[in-house]
Amino acid sequence: MILGISYTEWVGYLASLLLIVSFLMKNVNTLRIVNSAGSFLFVVYGIMLAISWPIIITNSFILMANIYYLSKTKK
């Protein structure tokens, strides 16, 4: 616990911050990379919440879509 906030909540706050920051990016690839980090943390957050399937499924899909489009643009 840090500052009276559980580690689970800190992961959720960090994931939210990364997603918010990702939408401020001008470069689409940078947006997808930062957004992927946030989505990954949201998957971890969903697992830490004793398996919250809506959070895990939604953010896993977003993460896979970002990875797909990032790999597609590098070819």
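Everything quoted here is computed from the prediction, not taken from an experiment.
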Check for me, please, whether [X] and [Y] land in the same ILVMFWY cluster - side-chain distances under 4.5 Å, paths through other members count.
X: M64; Y: I57; answer: no
X: L14; Y: V43; answer: no
X: L24; Y: V34; answer: no

Test of understanding: with side-chain contact (heavy atoms from CB on, under 4.5 Å), list the residues that count as partners of [X], not counting sequence neighbours.
X: F40; value: V44, L63
X: L3; value: W10
X: A37; value: L18
X: T8; value: S6, Y45, M48, L49

Interatomic spacing from CD1 in I67 to CD1 in I62 - rounded to 0.5 Å: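 Result: 12.0 Å between the selected atoms.
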Please round to the nearest 0.5 Å and tell me the distance separating atom CG of L41 and atom OG of S16.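 L41 atom CG to S16 atom OG measures 10.0 Å (nearest 0.5 Å).
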Identify the heavy atoms of A15 and G38 that sit nearest to each other, and give their distance.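 Minimum heavy-atom separation between A15 and G38: CB-O, 3.6 Å.
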Set out, in order, the CA-CA distance, both residues' side-chain angles and the distance that settles side chain to side chain contact (heavy atoms under 4.5 Å, CB included) for F42 and L19, then state yes or no. CA-CA 10 Å; F42 262 124; L19 289 184; 3.2 Å; yes
What's in the same ILVMFWY side-chain cluster as I20, cut-off under 4.5 Å, chained through other members?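 Taking Ile, Leu, Val, Met, Phe, Trp and Tyr as members, I20 stands alone, with no cluster partners.
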Go through the steps for Y13 and I5 under the test side chain to side chain contact (heavy atoms under 4.5 Å, CB included), then give the verdict. CA-CA 10 Å; Y13 290 137; I5 300 171; 4.0 Å; yes
Strictly by side-chain hydrogen bond (donor to acceptor under 3.5 Å, both in side chains), give each pair with a member in residues 52-68 just once, sequence neighbours left out.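 Non-adjacent pairs meeting side-chain hydrogen bond (donor to acceptor under 3.5 Å, both in side chains): R32-N66, N35-N66, S36-N66.
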